[in-house]
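A quick write-up on the structure given underneath.
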Amino acid sequence: MASSNSNTPAIPTLTGENYQLWVVKMKAYLKSLGLWEIVEHNTPVPPLRADPTIAHIKYHEEERMKRDKAVTTIHSALPDCIFTKIMQLEAARDIWDELEKQYEGDARDKTVRILTLKREFELLRMKDNETVKDYSTKVLRLVNQMRLYRENIQDYKVVEKMLISLPEKFEAKIAAIEESYDLTRLTISNLVSKLQAQEARSFMRNGAVMEEAFQARHYSNQKTHSGQIKVDKRNKGKASAAPRGTFLPCGTCKKTNHLEKDCWHKGKIQCRFCKKWGHKEVDCRKKKHQQEQQPPTQQANYTEEQEPIEDHLFMVTRNVIASR
């Protein structure tokens, strides 16, 4: 059978940095055990009368055990590095005050910490790449820290702060909220849920656009990959991929580093003399320059070679009239 102590909540542990939260948790824990009044008021154990009854003796022992239990409970919540600073104190109230003095400071220290938190709260802005959940967590962390110092931060102030510190992509949603809701009655959780819904819709819309772009790119890659596959006729059903970066010979320029549909020279004319693209042979500057550099004899020979002259046979006849 399980013992009743198994349902007892764990004792909150003080680390030094979490003192503000530890105070709240520890106070609730001591109240659940009926020991907080002993820590708060620090009343001594009433002495026994000269002729005590059994009820008086029992009450005296219970009160003494409560004070010892309160001290033991606080000791159990402290690590060794903090316990050694208060182990000489015997009363629970004295231990509580010493911890408050070490980790919370005096009134001046509290004022400085509150001003620092307020300044950080006022300068806080949501980044473009930040989610609503992360930003709301930062805001509520600062608000809760100020509330631990007994600062009265109303919810509508937090709502106004979040609305004026959102990025431009939420402008349309902010305008809709300001027109449709009373900001003094809008809770922080409702605002966060509305902003998260808007964020989810924007994410889905951007995701659909990215998916369409990915599918188009994947389809293009499939067409490119199909042009790179070489099928071996001797091994039916088997195909080996061509080396990466090579394609079938282009039908225009005969090169293998691109597809024919992507050929830079597609639709252009090619010179038959220099084999370059973009001009005709009659406009080829290389051909004209070469002709200018050659001697006249070479030009004549070159012309004769290009246009051979046919040989013609001319016959000359002369009629002689004999004189009589």
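For the numbers below, each heavy atom of this structure counts, side chains included, while hydrogens, waters and symmetry mates do not. The structure presented is a predicted model; accordingly, all values stated were derived computationally and were not measured.
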- Message: If I compare all heavy atoms of Pro12 with all of Ala77, which pair ends up nearest, and what's the gap?
- Response: O-CB, 3.1 Å
- Item | Flag, side chain of Ser180 to backbone of Ile177, donor-acceptor distance under 3.5 Å | no
- Task: Identify the heavy atoms of Leu14 and Pro79 that sit nearest to each other, and give their distance.
- Result: O-CD, 2.9 Å
- Query: Under a 4.5 Å cut-off applied to non-hydrogen side-chain atoms, are Leu195 and Glu199 in contact?
  - Reply: no
- Query: Can Tyr59 and Leu48 be said to form a side-chain contact (heavy atoms from CB on, under 4.5 Å), step by step?
  - Reply: CA-CA 10 Å; Tyr59 176 77; Leu48 289 173; over 6 Å; no
- Task: Please report the shortest heavy-atom distance between Pro167 and Asp128, naming the atom on each side.
- Result: CB-OD1, 3.3 Å
- Task: Tell me whether Tyr19 is reachable from Met26 by hopping between hydrophobic residues (I, L, V, M, F, W, Y) whose side-chain heavy atoms are closer than 4.5 Å.
- Result: yes
- Query: Taking side chain as C-beta onward, heavy atoms only, is Tyr103 less than 4.5 Å from Gln20?
  - Reply: no
- Message: Under a plain distance cut-off of 3.5 Å, with no hydrogens placed, do Ser193 and Asn190 share a side-chain donor-acceptor pair?
- Response: no
- Student check: side-chain heavy atoms of Leu163 and Leu191 closer than 4.5 Å: yes
- Task: Please determine, by modelled atom types, if Asn42 and Glu40 share a side-chain donor-acceptor pair under 3.5 angstrom.
- Result: no
- Task: Starting at CD1 of Ile164, measure out to CZ of Arg125 and round the result to the nearest 0.5 Å.
- Result: 6.0 Å
- Rounded to the nearest 0.5 angstrom, the CG-CE distance for Leu89 and Met87 is 10.5 Å
- Would you kindly confirm whether Val158 and Tyr149 end up in one hydrophobic cluster when ILVMFWY residues are joined by side chain heavy atoms under 4.5 Å apart? yes
- Task: For Lys161, look at atom NZ and say whether over 12 heavy atoms of other residues, nucleotides or ligands are found less than 6.0 Å away.
- Result: yes
- Message: Students often mix this up, so state it plainly: with edges at 30° and 60°, are the rings of Phe83 and His75 parallel, tilted or perpendicular?
- Response: perpendicular
- Flag the pair His60 / Pro52 as yes when at least one side-chain heavy-atom distance between them is below 4.5 Å, and no otherwise. no
- Task: Kindly work out whether a path of hydrophobic side-chain contacts (I/L/V/M/F/W/Y, heavy atoms less than 4.5 Å apart) joins Val132 to Leu124.
- Result: yes
- Task: Can you establish whether the number of heavy atoms outside Glu171 located under 6.0 Å from its atom CD is more than 12?
- Result: yes
- Task: Decide whether Val23 and Val71 are clustered together by the hydrophobic rule: side chain heavy atoms of Ile, Leu, Val, Met, Phe, Trp, Tyr closer than 4.5 Å, transitively.
- Result: yes
- Query: Is it true that Asp68 and Arg64 make a salt bridge, defined as a side-chain N closer than 4.0 Å to a carboxylate O?
  - Reply: yes
- Which atom pair, heavy atoms only, marks the closest approach of Thr256 to Pro249? CG2-CA, 4.0 Å
- Enter the distance from Asp283:CG to Ile269:CD1 here, rounded to the nearest 0.5 Å. 7.5 Å
- Rounded to the nearest 0.5 Å, the OG1 atom of Thr116 sits from the CG atom of Leu142 at a distance of 11.0 Å
- Less than 4.0 Å between a side-chain N and a carboxylate O, is that true for Arg67 and Glu63? yes
- Heavy-atom pair of closest approach, residues Cys271 and Glu281: SG-CA, 3.7 Å
- Task: Give the C-alpha distance, both sets of side-chain angles, the deciding distance and a yes or no for side-chain contact (heavy atoms from CB on, under 4.5 Å) between Leu123 and Arg119.
- Result: CA-CA 6 Å; Leu123 297 177; Arg119 185 179 300 110; 4.1 Å; yes
- Message: Does Lys157, at its NZ atom, have more than 12 non-hydrogen atoms belonging to other residues, nucleotides or ligands within less than 6.0 Å?
- Response: no
- Item | Heavy atoms from other residues, nucleotides or ligands near NZ of Lys169 exceed 12 (cutoff 6.0 Å) | yes
- Message: Looking at Lys138 and Glu130, is any side-chain nitrogen of the basic one under 4.0 Å from a carboxylate oxygen of the acidic one?
- Response: yes
- Query: Do the non-hydrogen side-chain atoms of Lys110 and Glu104 ever get within less than 4.5 Å of each other?
  - Reply: yes
- Note on the structure: Rounding to 0.5 Å, atoms OG1 (Thr15) and CG (Leu78) come to a distance of 11.0 Å
- Message: Would you say that more than 12 heavy atoms from the other residues, nucleotides or ligands in this model lie under 6.0 Å from the CD of Glu168, or not?
- Response: no
- Without hydrogens or angle criteria, can the side chains of Tyr135 and Lys127 be said to hold a donor-acceptor pair below 3.5 Å? no
- Query: Under 4.5 Å between any side-chain heavy atoms of Met146 and Lys118, yes or no?
  - Reply: yes
- Task: Report, as yes or no, whether the 6.0 Å neighbourhood of atom CD on Glu37 holds more than 12 heavy atoms from other residues, nucleotides or ligands.
- Result: no
- Message: Count I, L, V, M, F, W, Y as connected when their side-chain heavy atoms are under 4.5 Å apart, and connections chain through other members. Are Leu148 and Ile188 then in the same cluster?
- Response: no
- Mark yes when over 12 heavy atoms from residues, nucleotides or ligands other than Lys173 sit less than 6.0 Å from its NZ; otherwise mark no. yes
- More than 12 non-hydrogen atoms from neighbouring residues, nucleotides or ligands closer than 6.0 Å to CD on Gln88, yes or no? yes
- Would you call Asp109-Arg113 a salt bridge at under 4.0 Å N-O? no
- Query: Side chains of Asp134 and Thr137: is there a donor and an acceptor less than 3.5 Å apart?
  - Reply: no
- Message: Between Val24 and Leu21, is the side-chain contact (heavy atoms from CB on, under 4.5 Å) condition met? List the steps.
- Response: CA-CA 5 Å; Val24 178; Leu21 292 175; 5.9 Å; no
- Got a donor-acceptor contact below 3.5 angstrom from the Arg93 side chain to the His41 backbone? no
- Closest non-hydrogen atom pair between Leu183 and Tyr156, with its separation: O-CB, 3.6 Å
- Task: To the nearest 0.5 angstrom, please state how far the CG atom of Asp155 sits from the CG atom of Leu186.
- Result: 9.5 Å
- Task: Output, in order, the C-alpha distance, side-chain angles, deciding distance and verdict of side-chain contact (heavy atoms from CB on, under 4.5 Å) for Val139 and Phe121.
- Result: CA-CA 7 Å; Val139 174; Phe121 178 76; 3.9 Å; yes
